[in-house]
Amino acid sequence: MNTADWTRRRMLRAGIAALGAATVAKVSLSEALAESGHWYGDESYPLPVPEQTPANLPLLTCAPALVNMGDGKPRRVLAYNGQFPGPTWVARTGDMVTTRLQNGLDDPTITHWHGLVVDFANDGGPLLEIEPGTSYDYSFPIVQRAGLNFYHPHPHMLTGEQVCLGLAGAFIIRDDEEDALGLPSGPYEVPLVIRDASFDNQGNLLYNPTSSGFKGKFPLVNGTLNPMLNVDRGVYRLRVLNGANARMFRLALSNGAPLTIIGNDGGLLPAPVMVTEILLGMAERLDLLVDFRTLGAGQSITLRCLDARWDLVKFVGAGQLGVTYSPPPVLSTILPLSGPSQPTRSFTFDGMSRINGLEYDPNRLDFRVPLGVTERWRFKTGGNAPHPVHVHGAHFQVVSRTGGRGRLYGWEGGWKDTVLLNDRETVDVLIRFNAYRDPYVIHCHQLEHESMGMMANFDVY
Ligand code: C2O
Ligand code: CU
Ligand code: CU
């Protein structure tokens with residue numbers, strides 16, 4: 001399997017879609033409407049919060065579904081249990097997660113629990129994909145700390161398409177350490193799954209990647225266009241997940257007010273960090289505190305992407321009193337890993353489909369890593385960045401970035417499972433596999449790069 005196979009698969013589908021000539025004409029009309037900014041109107045729609053599910057969910061079905069993205073028009077997507085995004089799992093450290101994935105798609109699929117440290121059989125990597133009409137049983141304990149994780153499909157060469165068409169959701173883990181902080185909760189804790197999207201002539205989700213990956217024309221937050229949320233005068237905890245295939249978001253508030261970062265991919269940071277903007281790579285997560293105490297009734301503040309010039313979510317003051325919260329100076333004690341000062345291994349992310357010159361081959365094992373030993377891994381870009389580098393099976397600590405932006409950022413502290421490698425950058429991480437002696441993958445989370453082969457198998461022994 002190589003880039004040519006992947007491209008053929010894509011071309012084949014594009015060809016099938018174009019068989020009706022009328023469709024082609026309508027696509028360009030819809031694109032014109034889209035460019036004019038009136039494809040779905042200027043109205044705001046209430047931000048939905050995905051339904052929650054506990055650790056034990058008997059059935060997780062992936063299948064086509066019609067969903068409402070706020071404007072009431074039924075739009076076709078691929079959905080987990082008919083929901084877009086899928087239900088938010090909420091579980092605690094020590095819980096057993098059990099579910100049966102049912103493949104109701106026309107293609108192979110498998111679900112990966114991005115950020116969860118699980119054994120091979122439960123990791124949902126590309127070697128485990130299942131055929132249409134079949135199912136897969138998961139059963140694994142949660143052996144890690146609190147944090148916001150991400151579940152999505154991971155079939156060989158189809159991840160980008162299936163995620164873009166709607167299969168994704170959040171997975172929240174809670175633990176005693178986090179409980180002790182008494183963070184804003186209930187209506188004051190809001191997951192924000194942010195992505196971009198494009199629509200076909202029927203208004204259904206469209207997957208039309210280009211050579212720089214899939215770039216949608218509109219933002220969607222929790223599956224909704226132009227979302228707004230009524231907020232009380234208080235502090236909110238926003239759990240942000242970049243669920244886009246190939247788009248980074250440069251997040252900021254419209255009034256320039258600070259965002260307080262308390263956590264990221266791997267859970268709580270050692271200490272809160274205040275910033276006015278954040279560059280969030282694909283698959284990265286954030287735990288933010290935002291203060292709306294001075295927001296009067298009817299006033300609004302918007303969470304924006306400064307790069308795309310998009311309004312992502314509009315927070316509108318409801319006037320009622322909310323909760324007051326200020327984080328303690330120490331959120332969590334995180335011991336820095338001590339490891340080699342020279343890289344144990346280096347990975348070059350080359351072109352759009354290779355790591356160290358090689359495209360992914362499901363049958364090739366690229367390297368072996370000893371369990372329980374801290375290694376220093378060096379990630380370099382050979383062009384075509386951004387490459388958000390993601391590792392299955394362990395979390396890591398980011399220790400340096402040279403070239404490009406030349407520094408580390410407040411949201412890259414603590415534990416991470418994905419680190420952004422931008423133009424000309426070299427990033428070093430310390431990593432130690434503690435849990436399972438099993439095979440895993442490392443890959444770029446620009447999902448078109450991943451699907452074209454920027455991924456490698458390794459084995460923990
Ligand atoms: Cu989010 Cu291997 O993926
Ligand atoms: Cu993952
Ligand atoms: Cu990449």
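Every value quoted in this text rests on a predicted model; they were computed, and no experiment measured them. Note that ligands are numbered from 1 as they come in the structure, with each ligand's atoms numbered from 1 the same way. Values below: all heavy atoms of this structure, side chains included; hydrogens, waters and symmetry mates excluded.
- Side-chain atoms of D200 do not come within 3.5 Å of backbone N or O of L206 as any donor-acceptor pair.
- Not a single N/O/S atom of H445, whether from backbone or side chain, sits less than 2.8 Å from the Cu ion (ligand 3).
- Looking only at its N/O/S atoms, H387 has ND1 as the one nearest to the Cu ion (ligand 3).
- Between NE2 of H390 and NE2 of H112, the angle at the Cu ion (ligand 2) works out to 170°, rounded to 10 degrees.
- In this structure a side-chain-to-backbone donor-acceptor pair under 3.5 Å is missing from D265 to E284.
- Among the backbone and side-chain atoms of H152, an N, O or S atom lies under 2.8 Å from atom 1 (Cu) of ligand 1.
- The ring of F367 has its center closer than 6.0 angstrom to the ring center of F347.
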Should R364 and D366 be marked as a salt bridge (charged side-chain N to carboxylate O under 4.0 Å, His left out) after you check the CA-CA gap, both sets of side-chain angles, and the distance that decides it?
CA-CA 6 Å; R364 187 185 69 233; D366 285 303; 2.7 Å; yes

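- The NE2 atom of H445 and the ND1 atom of H114 meet at atom 1 (Cu) of ligand 1 at an angle of about 100°, given to 10°.
- Considering all non-hydrogen atoms of both residues, H152 and Y80 come closest at C-OH, 3.5 Å.
- At a cut-off of 2.8 Å, H390 is not counted among the residues with an N, O or S atom near atom 1 (Cu) of ligand 1.
- Just one of H392, H114, H449 meets the ring-ring contact (aromatic ring centres under 6.0 Å, His included) condition when paired with H443; it is H392.
- The name of the N, O or S atom in H449 nearest to the Cu ion (ligand 3) is ND1.
- Because the distance cut-off is set at 2.8 Å, H112 fails to qualify as a neighbour of atom 1 (Cu) of ligand 1, as none of its N, O or S atoms comes that close.
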